[in-house]
Structure formats: C-alpha cells, structure tokens
> 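My structure is below; once you've seen it, I'll send some questions.
Chain naming here is simple, since letters A, B, ... match the order of the sequence lines and numbering starts at 1 in each. What you are looking at is a predicted structure, and each value in this text was computed from that prediction instead of being measured. The basis for the numbers below is simple: all heavy atoms, side chains too, and nothing from hydrogens, waters or symmetry mates.
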There are 2 protein chains.
Amino acid sequence: MAKIHEVAQAAGVSISTVSYALSGKRPVSAATRARIEAAAQALDYAPNAGARMLAGRRTHILALTEPLRPDTHAPTHMAFVLASSIAARRNDYDVLLLTDEQASAGMRRVATSGLADGIIVLDVAPDDERVELARRIDLPTAFVGVPDDSEGLMCVDLDFERAAGDAVDKLVTAGHQVIGLVGHAPSAYQLSNFPPRVRDGYSAAAQAAGVRAEFRMLEGEGDVQTLARRAAGELLDAGATGILLHCHDTAHAAVLSEVHDRGLEVPQDVSIISVGSTFDTGAFATPLSAYPLVPKLSCDLAVELLVQSLSGEPPEPGVRLIAPTYLDNGSVATPRAAR
Amino acid sequence: MAKIHEVAQAAGVSISTVSYALSGKRPVSAATRARIEAAAQALDYAPNAGARMLAGRRTHILALTEPLRPDTHAPTHMAFVLASSIAARRNDYDVLLLTDEQASAGMRRVATSGLADGIIVLDVAPDDERVELARRIDLPTAFVGVPDDSEGLMCVDLDFERAAGDAVDKLVTAGHQVIGLVGHAPSAYQLSNFPPRVRDGYSAAAQAAGVRAEFRMLEGEGDVQTLARRAAGELLDAGATGILLHCHDTAHAAVLSEVHDRGLEVPQDVSIISVGSTFDTGAFATPLSAYPLVPKLSCDLAVELLVQSLSGEPPEPGVRLIAPTYLDNGSVATPRAAR
DNA sequence: TTGAAAGCGGTACCAG
DNA sequence: CTGGTACCGCTTTCAA
C-alpha cells in the first residue's frame, strides 16, 4: 500500500510527474520515466482506488447485472459472465457483480453512489425492468440481449433470427422438404428474449422457402430427456428429415439418442443443426454442425461500447446484431428422399 | 448524484451533521435527523463511493476470487457465487468479481490498490496458489473450502468427512453389510479439495463399523451417464445394498436408472444417500435422502468472518467445519438380507 | 447536540 | 519536460 508520495520521493521527482509518467497522459523523459517505474515497482505501488475515483472521476469499474433466477441455465450464464469479465479486464476495468435483490435496486445504487463507470446487462427479459431504469440513470449501459422495447438503448446480440433462417436455408438447399425445430420449455419463451426470435426466424425462413416446418417445445410432464426425445420423435413421425435444435445440451443428447434408437443415421437419414448454443456441439457422440452463440463476441462488443461511451464520443444507441457464422461438423446432408 | 453539501444546505445543517446523521456514528437529535433524512431522500442522495473509500478507509466491497476453470461445475459454482453475493449485500458490502487471469493477480491488484476490504476465495484447490498469497497480503481473506495446507488461514466448509461418515453409519445402522460409494471423475480428486475428504470419511467410517466398502469413480471412456451406470452396476454386482453418491446430478439420475433397470426398488432393495450435493435431491423420480452441501451456510459464515475481521476484534484463524445435517427423503431402509 | 476544518491519496490545471 | 497546488466529496477530530 505504498503511496504516490513515496514513489515521488524515491524517484526524486514531484508527485505530479509520477502521476503523469504512470498514466502516460503527459510526455515524460525516458530517463525519469524509467526511474519512476523502477521506484513504483520496488515499492509495489498501485494508485489507491478510492483516491483515483474521487480525483479522476472515473472508477475503472463496470457493473454487471444478472438477476440469477432459479431457472437460469448456469453453464450458459457463466460463459457470459466470464466473457464479460475478460473483456472488462482487457480494457483495464474491474467487474462489480449485481445479482440478488430486485435487479434494478443494484443498478440504481451503483448509479447514485458513482461506484461504476458503466453497466452491462445480462440475461435480458423481453419486458425487462432494467430497460426503463437504464434510460433514467446517466450511466452508460449496454444490454447483452434485446428486450421488446429497445428504444434508445445500446443492445448487442447474436442475430438469432438470421441464425435460424440461415439454418433453415442450409437444410432447404440440401434438399429437405419437411423440417422441424426442437425448442426450449414454454416458459423460456416468456422469460428470455431470444427463444422467440429463433422461432420466428425459423418460421419466416421456412415459409419463404415453401417447406413444411414443424415446431415442438419441451412441453409436458417428465424430465428434459424424456421431453426432448418425445419432441424429436414427433418431428420424425411428421416426416421431418432436417431438424434444428435450439435447446440445452442435455436435450441435444436426448434428441441424438432418439434418432439413434430409431436406427437413423446422421446425416444420411436425418440432418441436424444446432442454433444458438454456447456449448461445444462437436463434442457429442455425433458431432453437430451449428450456428453457435459466442459469448465472447457479444461481451467484447458490449464492453467496447461502454468504453467508447466513456471516451467522449459516445456511440449511437441502437441494436447491434452479430452475424451468425456456420460451424460445419458434418451433420447436414441431402436426405434419401431427394437423392 | 447529489452531494452531501447539498443535503446539508437543504436541511439547514452542517455537512458533518449530515454525515453523522446518516451513518449513525454520533447521536443526532430526532428533529434534525428527520430533516436530514427527508432532504437526502428528496435529493436521492448517496455518498460518493470514491470519497467514502478515501476518507473512510473502507471500501464496502468484498472481492470474490473464482478461477473459472473449464471443468468447473457451473450450477454448483453459481450457487456459491449467489450465496456469497447475498451474504455480502446483507452486510452492506458489494462484490467485486475476480475471475480470469492468473487467479492471484487479481487478488494482488485488489490488495495493493485498496479496492476491497476483504476477499472470499471460492473453488479452493488442494494446493491452491492463493493460499500463499493470502498469507502475504494484509487483507482479511476467507476460504470457502479447505486447502491441504490451511495453516494460519480462515477456512469454512461443510464437514465432508463427517457427512460421509454419518451417511455410512446411517446405512450400517439400517443393517447394511456391504456398501458402495459412487464418486466423481478421477481428476476431481486432484483439482478440488472435497472429493478426497468424502472418500476418506467414507473409508474410515466403514472400517470403523467393520463393513465392506467399495468405491468407484467415474472412470474410463464414455459420457457421465454411462460411467455412472457402470459404477453403480459394479457396486451392485459386488453385493452392495447401500450406496452413497458423491457426484453431479446427472450421475445421480444415471445411477437411479441403472437401479431401476435392474428391477430394484429404493429403498426396499437398495438404499441410497447423496452426500455433499447442492442440488435438490428430493426432485428425482426417486427422491433421495442426503447430507447436502448448503452454500448459504458456508458463505454466510465466510462473510461474517470477514466482517468481524474488519470490526476490530479479528476472529482466530483456523478451519471452521459445518456440521452436516440429514435430509430424510425416505431412500434408506433395512435391506432384505437383514430382515 | 452541532459546526469548522484537517486530511484521505490522487488528478490535472497553471506556471515555469 | 517538470513542479506546485487546488480541488474531488466525505469522514472524523477538535472545539464550542
């Protein structure tokens, strides 16, 4: 816990020179800079966080709000938290975690006490209460996810509609005439913002392509495995030869089991594409091609937007959709019927 | 972002009186206190975080270090993060997340810059690099988990040995003569601190009770389900009538499937107890009795220790083991053989 | 019970 | 290229 004053003394310069040398905000001769850096090193000096906040009017902290609901999918969530944290650190920001409590209370507190320079909003709900709050406070705020009403907000997300649409096109191009989508549990379509977007992108693309498109959510009694197998079974029974998966990894595995148990081969008998998954779709017994959801891309951009907001030339508000990319693991082929 | 000065003006008092009235560190007449609180309310005042840190020599922030490794079990981890966060907030502390980077770098940074008042260490490895660092820095640090060398550290954890031992006794008392333990993957016995403790408590108690005790890790090729089924199968083949489970929920479910597929009933044919699980063991098709691991208990205590360290009378260093409690879901009974 | 004022440890402006 | 110094907003001692 050395102080700037001690560093200055050790280096034989004034404290302002130390400050400038270390921040680089003013040119300092190479020689003195070297002495200062050596002294700082030797004393294990780091500017006091509180003093820096107060004098510099900058906390070097980003707040991360994530209302950990009982139903949040932990692995996905963790991936986003980690990606945000890494992006923040890369820009020399620390991350303050806002979890419990009525989501907005934390945001408000951080804003009024000046504890953070900006806010990253994770796990965005369609009608998120943090939307209105973000408009009211004057802290730059970036949403990772797109709420229903995104007017005036900075939002970043995968272009789920297009990911689903591209996936449909991929199947159609391969010759599939009947396709299916295995989705999340019905509740996810209320609580999260992206499952509906996948569904809609899927339907629109299918309609545009003139193919028959079935859709099943993980609905009813039983565990995820059972529901996923049933959903997949129904799609296959309906004649689907191409299937899109927008669900958790457990459900993916269950669908593959169902397909396998029916004596069907991927991709010879049925083609499968995973859409918007954060896990490794190449790790299943049958590797799956995918239009993955990459947390790093979203979080990097979110942090970048915040940093830029703090730099003087704030970026335009608006929704930034990240173009989906195809990850080919060989699970798509022309169906037998079309050969 | 109102300042104390404005509140003072609005209430017609000096800023020091405002400070005291709001912090309660000095008696203030009821009348003036009321005026001050009203003014603060009206202005939406909150003390500036930086100024408060600087002047008060207290950040009101606790750092949380959690080296999110690729193999960390997200749901369990999230439960601990959430519990820590809630405990911290209850004590009026915010939480700073230290994830990426060489775990210790974050701790060191926080310590030298005075960004936090204390540190909570999660996901403790047997030979954790943060142990040595914790001894060197002068920030109060609480470990949730027990490293191999805990000399001079404050550690909090479930008494896993005793949980396993109690579970063994429970089975033995019910009349089981051959018991088994399904554990984690072998790697977990290197990377985490508690699987070995469960294993050891299990062996010791079994030996003391004079019963035959088998042990299987989730070892070999294949997915968790397969490995868990095989492990359970081997235990049953070995004649085990009572089984302890110390593994993830997926493995639990797989063991139950294996038992069921063999036409065995719980608890009539085989008794099962889950040890050290953070998920709801009552939610399986066959509800399981358990000696659960309760994040809230550990994290509450960890935060309490930190708060106390900051209060003037620092608690003794040492390992605090939380006594296990039995959660009866009816999955234990006297085996047929003993009836 | 209340007020005045001296810091807390930096940042950044104003001079030189 | 380098120094001196006026704040940043709050906590807390010293006086009244």
> Considering only heavy atoms of chain A and a distance under 4.0 Å, specify the first and last nucleotide of DNA chain C in 5' to 3' order that meet this criterion.
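Footprint of chain A along DNA chain C, 5' to 3': C/dG9 to C/dC14.
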
> For the side chain of A/Ser150 and the backbone of A/Val146, is there at least one donor-acceptor N/O pair under 3.5 Å apart?
no

> Just to verify, what does A/Arg35 make a salt bridge (charged side-chain N to carboxylate O under 4.0 Å, His left out) with, not counting sequence neighbours?
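Scan of A/Arg35 (salt bridge (charged side-chain N to carboxylate O under 4.0 Å, His left out), adjacent residues dropped) gives none.
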
> B/Tyr45 side chain N/O closer than 4.0 Å to the phosphate oxygens (OP1, OP2) of D/dC10?
yes

> Would you mind reading off the distance between A/Lys25 atom NZ and D/dT2 atom P, rounded to a whole angstrom?
19 Å

> What is the distance from CG of B/Leu54 to P of D/dT11, rounded to the nearest Å?
11 Å

> Expressed in angstrom and rounded to an integer, what is the separation of B/Met1 atom CE from D/dG9 atom C1'?
11 Å

> Mark yes or no for whether A/Arg58, through its side chain, and A/Leu310, through its backbone, hold a donor-acceptor pair below 3.5 Å.
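At least one qualifying donor-acceptor pair exists.
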
> Using heavy atoms to find the nearest nucleotide of DNA chain D for B/Arg26 and A/Ala51 separately, return the residue whose nucleotide is more 5′.
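Mapping each residue to its closest nucleotide by heavy atoms, the 5'-most match is A/Ala51.
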
> Quickly work out the B/Met53 CE to D/dC10 C1' distance and round it to whole Å.
12 Å

> Tell me what A/Ser16 touches on the nucleic acid: a base, only sugar-phosphate, or nothing, going by heavy atoms under 4.0 Å.
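Contact class for A/Ser16: base.
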
> Roughly how many Å is it from CD1 in B/Ile4 to C1' in D/dC10, rounded to a whole number?
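Taking CD1 of B/Ile4 and C1' of D/dC10, I get 6 Å after rounding.
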
> Which is true for A/Ala2 with a 4.0 Å heavy-atom rule: it touches a base, it touches only sugar-phosphate, or it touches nothing?
sugar-phosphate

> Where the side chain of A/Ala55 is defined as all heavy atoms beyond and including C-beta, which of D/dC10, D/dT2, D/dC8 is the nearest nucleotide?
D/dC8

> Using heavy atoms to find the nearest nucleotide of DNA chain C for B/Arg57 and B/Ser29 separately, return the residue whose nucleotide is more 5′.
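Nearest-nucleotide comparison on DNA chain C picks B/Ser29.
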
> Donor-acceptor pair, distance only, cut-off 3.5 Å: does the side chain of B/Thr112 make one with the backbone of B/Arg108?
yes

> Hey, which of these two, B/Tyr20 or B/Gly56, hits DNA chain C nearer its 5' end, going by closest nucleotide?
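First, find each residue's nearest nucleotide; the 5'-ward one identifies B/Tyr20.
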
> What contact category does B/Ser23 fall into here, base, sugar-phosphate, or nothing, at under 4.0 angstrom with non-hydrogen atoms?
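No contact.
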
> Round to a whole Å and report the spacing from CD1 of A/Ile15 to P of D/dC7.
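Going from A/Ile15 (CD1) to D/dC7 (P), I get 15 Å.
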
> A/Ser14 side chain N/O closer than 4.0 Å to the phosphate oxygens (OP1, OP2) of D/dT2?
no

